Each structure stands twice: as structure tokens, then as C-alpha cells.
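Take a look at the structure below.
Here, residue 1 is the first one in the sequence, and each next residue gets the next number. The structure displayed is predicted, hence computed values, not measured ones.
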Amino acid sequence: MNDRNRFAKSFDAIALDYDEYRPGYGDAMFDDLENVVSLSGARVLEIGCGTGQATRGLLARGAHVVALEPGRTLASLARERLGAMDVTVRETTFEGFRGDGTPFDLVFAATSFHWLDAATRWQH
């Protein structure tokens with residue numbers, strides 16, 4: 001198992017603690033996003049949602065979210081925490097995600113970008 005997978009699995013093993021102690025995201029991050037794309041009505045693909053900390057901010061601004069989370073326990077907690085909101089949580093990595101062909105207005109990773117496979121992530 002490579003380091004990336006080992007560390008990702010360690011987060012899943014402490015999912016309840018992660019959910020309780022991981023700080024949320026401030027409004028400024030979502031303000032910055034809205035300077036690029038209107039979130040109201042936007043279809044957003046969120047990479048690495050954890051238990052939904054940033055997802056809640058996207059949803060509060062009217063986005064329709066497909067949230068990817070490879071950790072089984074983290075994904076389960078995200079579904080529980082986000083309830084009936086306009087979100088679909090998929091238990092998969094970004095690299096393993098297969099959508100239905102419907103385009104997204106925004107692909108978003110709050111703090112999970114470094115977990116992406118270097119061969120597939122965007123480099124600038």
C-alpha cells in the first residue's frame with residue numbers, strides 16, 4: 001500500500017474524531033468561489049468531501065453537489081450529516097469516478113487536492 005492510500009485509510013479509521021474536530025471553512029472561501037462561478041443552481045463535483053464540512057457551504061449557497069469520498073466511514077457520515085440536502089455522496093476516488101456524462105459547472109477540492117494521483121491532477 002502506498003503512503004497516499006495508507007494515510008487516506010487512517011482518516012477513515014478516525015472518522016468520528018475527524019468530523020468532531022476538523023474545522024469548517026469560512027464564508028470567504030465561498031465568496032471567492034462565487035467570484036469565479038455562481039454557486040446558486042451550479043452543478044458541483046466535490047473531491048474528497050470527508051464528512052461534509054465544505055459541502056455544507058456549497059449547499060448553503062444553492063449548489064447541487066456530487067461529493068466524492070473514498071473512505072467508507074467518512075462517506076457514510078457525510079450522508080448522515082447532510083441528510084436530505086441536494087447532495088449525492090459517492091464512495092469513490094476522483095480517479096475512479098465515472099459520471100453519467102452530465103457536465104459540472106465546477107470541480108472543487110477544499111483541502112483534498114494533495115490526495116489526488118499526481119499523474120491525473122491539474123498542474124499549473
Side-chain angles (χ1 to χ4, degrees):
M1 178 182 306
N2 67 34
D3 283 343
R4 192 171 68 105
N5 289 336
R6 183 169 47 88
F7 288 121
K9 287 184 182 292
S10 68
F11 279 111
D12 198 55
I14 60 163
L16 288 172
D17 288 336
Y18 178 92
D19 185 58
E20 183 174 348
Y21 298 109
R22 173 84 180 176
Y25 298 93
D27 288 338
M29 181 175 76
F30 302 103
D31 292 342
D32 288 346
L33 277 174
E34 289 205 296
N35 285 330
V36 177
V37 63
S38 172
L39 293 174
S40 180
R43 189 162 188 264
V44 177
L45 178 66
E46 181 186 7
I47 302 169
C49 73
T51 59
Q53 288 89 342
T55 315
R56 285 188 276 283
L58 296 168
L59 294 167
R61 294 192 180 226
H64 311 283
V65 180
V66 174
L68 309 181
E69 174 50 56
R72 175 175 288 143
T73 308
L74 290 166
S76 178
L77 280 173
R79 287 184 196 100
E80 179 183 313
R81 302 294 190 257
L82 300 170
M85 295 180 195
D86 193 5
V87 62
T88 301
V89 178
R90 300 275 304 272
E91 189 181 314
T92 185
T93 61
F94 173 70
E95 297 85 355
F97 174 67
R98 298 297 174 259
D100 63 6
T102 306
F104 290 93
D105 300 300
L106 176 68
V107 177
F108 171 79
T111 55
S112 62
F113 192 73
H114 63 286
W115 291 109
L116 295 176
D117 184 332
T120 61
R121 68 182 176 217
W122 177 68
Q123 307 272 333
H124 69 284

TODO: Is it possible for you to say whether Val37 and Phe104 belong to one hydrophobic cluster, with membership spreading through side-chain heavy-atom contacts below 4.5 Å?
DONE: no

Task: Side-chain heavy-atom pair Leu68, Glu91 within 4.5 angstrom cut-off - done: no

Task: salt bridge (Lys or Arg N to Asp or Glu O under 4.0 Å) against Asp17, all qualifying residues, sequence neighbours excluded - done: none

Expected list for residues 81-89: side-chain donor-acceptor pairs under 3.5 angstrom, two or more places apart:
residue, atom, partner, partner atom, Å
Arg81, NE, Asp19, OD2, 2.7
Arg81, NH2, Asp19, OD2, 2.9
Asp86, OD2, His64, ND1, 2.0

TODO: Return the minimal non-hydrogen interatomic distance between Met29 and Ala54, and the atom names on each side.
DONE: CE-CB, 4.3 Å

- [ ] Could you tell me whether Arg72 atom CZ has more than 12 heavy atoms of other residues or ligands within 6.0 Å of it?
- [x] no

Open item on the list: How close do Glu46 and Leu58 get, counting heavy atoms only, and between which atoms?
Closed with: OE1-CD1, 4.1 Å

TODO: Measure the CD1-CD distance between Ile14 and Glu20 for me, rounded to the nearest 0.5 Å.
DONE: 11.5 Å

- [ ] Show your reasoning for whether side chain to side chain donor-acceptor pair (under 3.5 Å) applies to Gln53 and Thr55.
- [x] CA-CA 5 Å; Gln53 288 89 342; Thr55 315; over 6 Å; no

Task: Steps toward salt bridge (charged side-chain N to carboxylate O under 4.0 Å, His left out) verdict (Glu34, Arg61) - done: CA-CA 9 Å; Glu34 289 205 296; Arg61 294 192 180 226; 2.8 Å; yes

- [ ] Go through the steps for Thr111 and Tyr25 under the test side-chain contact (heavy atoms from CB on, under 4.5 Å), then give the verdict.
- [x] CA-CA 10 Å; Thr111 55; Tyr25 298 93; 2.8 Å; yes

Open item on the list: Which residues pass the ring pair (Phe, Tyr, Trp, His ring centres under 6.0 Å) test with Phe30, not counting sequence neighbours?
Closed with: none

TODO: Supply the atom-to-atom distance Leu39 CG to Leu59 CG, rounded to the nearest 0.5 angstrom.
DONE: 10.0 Å

TODO: For side-chain contact (heavy atoms from CB on, under 4.5 Å), just list the numbers for Leu77 and Tyr18, CA-CA rounded to whole Å, side-chain angles, deciding distance to a tenth of an Å, and then say yes or no.
DONE: CA-CA 10 Å; Leu77 280 173; Tyr18 178 92; over 6 Å; no

Task: Nearest heavy-atom neighbours spanning Ser38 and Ala42 - done: O-CB, 3.2 Å

Open item on the list: Nearest 0.5 Å, please: how far is SG in Cys49 from CG in Leu74?
Closed with: 8.0 Å

- [ ] Would you check if Leu106 and Val36 make a side-chain contact, meaning some heavy-atom pair closer than 4.5 Å?
- [x] no

Open item on the list: As an exercise, state the distance from CD1 of Ile47 to CD of Glu69, rounded to the nearest 0.5 Å.
Closed with: 11.5 Å

